[in-house]
Amino acid sequence: MALANFIDRAATAASQVLADFHLEDFKAALEKQVVAVAFDDQAASCAEGQATLDLAVRLLARLYPVLAILPLGSAASSQAQALERLAKSINPKVGIRRSGKSATICVVAGVTRPPLRCPTFFMGSDGWAAKLSRTDPVGSGSSLLPYGAGAASCFGAANVFRTIFAAQLTGAELDETIDLSLYSYDKTRAGEAGPIDIPVDLGETHLVGLGAIGHGSLWALARQPGLTGRLHVIDHEAIELSNLQRYALAGQAEIGMSKAVLAATALRSTALGVEAHPLTWAEYVARHGDWVFDRVGVALDTAADRLAVQGALPRWIANAWTQEHDLGISRHGFDDGQACLCCLYLPSGKSKDEHQLIAEELGIPEAHEQVKTLLQTNAGVPNDFVVRVATAMAVPFEPLAPFVGQPLRSFYQQAICGGLVFQLSDGSRRVRTVVPMAFQSALAGIMLAAELVKHSAGFPVGPTTSTRVNLLRPLGSHLHDPKAKDSSGRCICSDDDFIAAYRRKYGKSVVQLSDVSAA
């Protein structure tokens, strides 16, 4: 058994949430764990249970070097090998145990209590509702919906992490029970089932950004029954090794594959018409022609990218995000009196340009003009530049030498974002860019997919603009996060020209959020 070959990227994510972090101590803590995934015939025989198991293994195999796959019944046994293969597709060196005797922590799907003496989390679902319990099995529902089932896996993986690293997490108490509907996000009405048999026509929908959040969305959409329409998947990048830390659908075989092509491949079993666009959003919009975008799911990394999407004036936007401690989903019209996407990301004061931020990350802020030139020309980084970075980072030059001659962006993404410098410095050189944990990104993506499906089906929109979840603490009692329309008048949703352009595209009759919620 061995830690995954992208563990330094996972460690980078953990270092941002764990106090008193030391890389070698973190790895040692992981190597002591045997994380058991137990499941019975009830879970193995239904779509919800199968979805919970699939995503649980996808999340756990990215971080823990030993998994115990424990089927509890004949039907369960027939699926054990498939789950083992899935784990090995992510980390070929993952240790697989077929006994729970050495398990240090366990997640369970189904209605059977395994005979283990270790901390245990019972995962399950009922349609839209995700369920979790520390004391009793909760079972899996009979629907074909993936939303509650996938969210339960994220809650389970989060509680495993919080159990192992409790001493380094502030307020890291465990969830006793969870019963949360992704249909309403209203914990006072957790039993609200929501429609289950829902053939959904996505119409003309766009998913922009096919990174970790996008993968969570694709995982869910691939399991949504009765899904039709046309989905445009947009991302100009390819899968890199470091992405495997939290990209739910990516394994070793997908390294180097176009993110857009991978997205289309993931959805090939659905009746969706999927068009892959290996382009930036700006490039896609320039080629699109009419600039009419009925529904856009946003799974992008930066505020600037989100502002650009809203600037194209889609009819409706669902936006998912992850931050250091929480994640969420926001919903946006434009001419409805509510906050548009720009309202949430308007800059305050002067913000630094990309070349300045990268120069700071490299430890050489005074060289920002040289960094700017290297970015603009896409020229290879010279030897003395890499030497300068190594000196500034207090790490040896030799491991960075292979990057001499490569474009700066590649050097930055692999050496800094990819975790090499983080490893060489034993975790003392932190990445300023937020790197979420896999379970955080996956849940944000599932929430995004749920919003796209609910909106396409004509279900009532959420009662507030934003819904927020913190997976590093017990699930809060108030998840809705109202966001007011920007009051300064600076936002484009207060600009007469933008409003007029929006109305020319989609008509003057715009349904108000309050009207839809009351329907």
Side-chain angles (χ1 to χ4, degrees), residues 13 55 58 146-147 150-151 154 182 202 205-222 224 231-240 243-250 254 258-264 266-267 272 274-285 293-312 314 316-323 326-332 341-342 344-345 433-456 465-469 471:
L55 188 56
R58 289 180 184 274
Y147 308 106
C154 298
L182 272 67
L202 285 183
T205 294
H206 294 75
L207 178 58
V208 188
L210 304 173
I213 293 175
H215 273 230
S217 295
L218 293 166
W219 178 91
L221 292 174
Q224 166 67 49
L231 179 67
H232 298 270
V233 289
I234 304 162
D235 197 307
H236 65 292
E237 295 182 334
I239 299 289
E240 298 180 354
N243 297 150
L244 269 58
Q245 173 254 334
R246 65 187 191 279
Y247 282 34
L249 297 178
E254 283 71 45
S258 160
K259 292 181 181 179
V261 172
L262 174 56
L267 296 171
L272 271 175
V274 182
E275 292 192 18
H277 304 279
L279 305 167
T280 65
W281 172 252
E283 291 168 340
Y284 174 75
V285 170
F293 309 102
D294 279 337
R295 185 179 300 106
V296 178
V298 176
L300 295 166
D301 292 333
T302 69
D305 288 339
R306 291 180 170 92
L307 294 172
V309 172
Q310 182 63 86
W316 185 83
I317 296 173
N319 167 64
W321 79 87
T322 52
Q323 298 179 146
D326 60 24
L327 59 98
I329 185 79
S330 59
R331 315 155 185 92
H332 307 276
L341 184 55
C342 282
L344 272 59
Y345 293 95
T433 304
V434 174
V435 181
M437 302 297 296
F439 50 77
Q440 293 172 311
S441 297
L443 182 58
I446 293 168
M447 292 166 67
L448 177 58
E451 293 301 318
L452 293 175
V453 166
K454 288 186 288 185
H455 187 266
S456 300
T465 301
S466 176
T467 301
R468 187 183 299 265
V469 175
L471 286 178

- Task: Go through the steps to decide whether Leu452 and Leu231 satisfy the test side-chain contact (heavy atoms from CB on, under 4.5 Å), and finish with yes or no.
- Result: CA-CA 11 Å; Leu452 293 175; Leu231 179 67; 5.6 Å; no

- Please test Leu249 against Arg58 for side-chain contact (heavy atoms from CB on, under 4.5 Å), starting from the C-alpha separation and ending with a verdict. CA-CA 8 Å; Leu249 297 178; Arg58 289 180 184 274; 4.1 Å; yes

- Dump the intermediate steps for side-chain contact (heavy atoms from CB on, under 4.5 Å) on Thr205 and His455, then the final yes or no. CA-CA 11 Å; Thr205 294; His455 187 266; over 6 Å; no

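In this structure, Gly214 and Ala299 approach most closely via the heavy-atom pair N-CB, 3.8 Å. Taking each heavy atom of Leu443 and Ala151 in turn, the nearest pair found is CD1-CB, 3.7 Å. For Ala13 against Met437, the heavy-atom pair with the smallest separation is CB-SD, 3.7 Å. Scanning all heavy atoms of the two residues, the minimum distance from Leu448 to Gly297 falls at CD1-CA, 4.1 Å. Residues Ala320 and Ala444 come closest through the heavy atom pair CB-O, 3.7 Å. What you find for Trp321 and Thr467 is that their closest heavy atoms are CH2-O, 3.9 Å.
Note that the NZ atom of Lys454 and the CG atom of Leu182 stand 6.5 Å from one another [nearest 0.5 Å]. Here the CG atom belonging to Leu300 is positioned 10.5 Å from the OG1 atom belonging to Thr280, to the nearest 0.5 angstrom. If you take CD1 on Ile213 and CD1 on Ile446, they are separated by 11.5 Å, rounding to the nearest 0.5 Å. In this structure, OG in Ser217 is found 10.5 Å from CD in Glu451, a value given to the nearest 0.5 Å.
Of the possible donor and acceptor atoms, none in the side chain of Arg306 sits under 3.5 Å from a partner among the backbone N and O of Leu341. Without hydrogens or angle criteria, Ser330 side chain to Ser466 main chain gives no donor-acceptor distance under 3.5 Å. Judged by distance alone, the side chain of Arg331 and the main-chain N or O of Ala318 form no donor-acceptor pair under 3.5 Å.
Looking at heavy atoms from C-beta onward, Tyr345 lies in side-chain contact with Asn319 at the 4.5 angstrom threshold. Side chains of Leu218 and Leu262 form no contact here, defined as non-hydrogen atoms less than 4.5 Å apart. Side-chain atoms of Pro436 and Arg246, non-hydrogen and from C-beta on, do get closer than 4.5 Å to each other. The shortest side-chain heavy-atom distance between Val453 and Tyr147 falls under the 4.5 Å cut-off. For the pair Val309 and Trp281, the minimum side-chain heavy-atom distance is below 4.5 Å. Side chains of Pro278 and Val261 form no contact here, defined as non-hydrogen atoms less than 4.5 Å apart.
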Could you list the donor-acceptor pairs under 3.5 angstrom formed between side-chain atoms of residues 232-239 and any protein atom two or more places apart in sequence or on another chain?
from	atom 1	to	atom 2	distance (Å)
His232	ND1	His277	NE2	2.9
His232	NE2	Glu204	OE2	2.6
Asp235	OD1	Glu237	N	2.9
Asp235	OD2	Leu210	N	2.9
Glu237	OE1	Lys259	NZ	2.9

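For Arg468, the salt bridge (charged side-chain N to carboxylate O under 4.0 Å, His left out) partners are Asp326, Asp481, not counting sequence neighbours.
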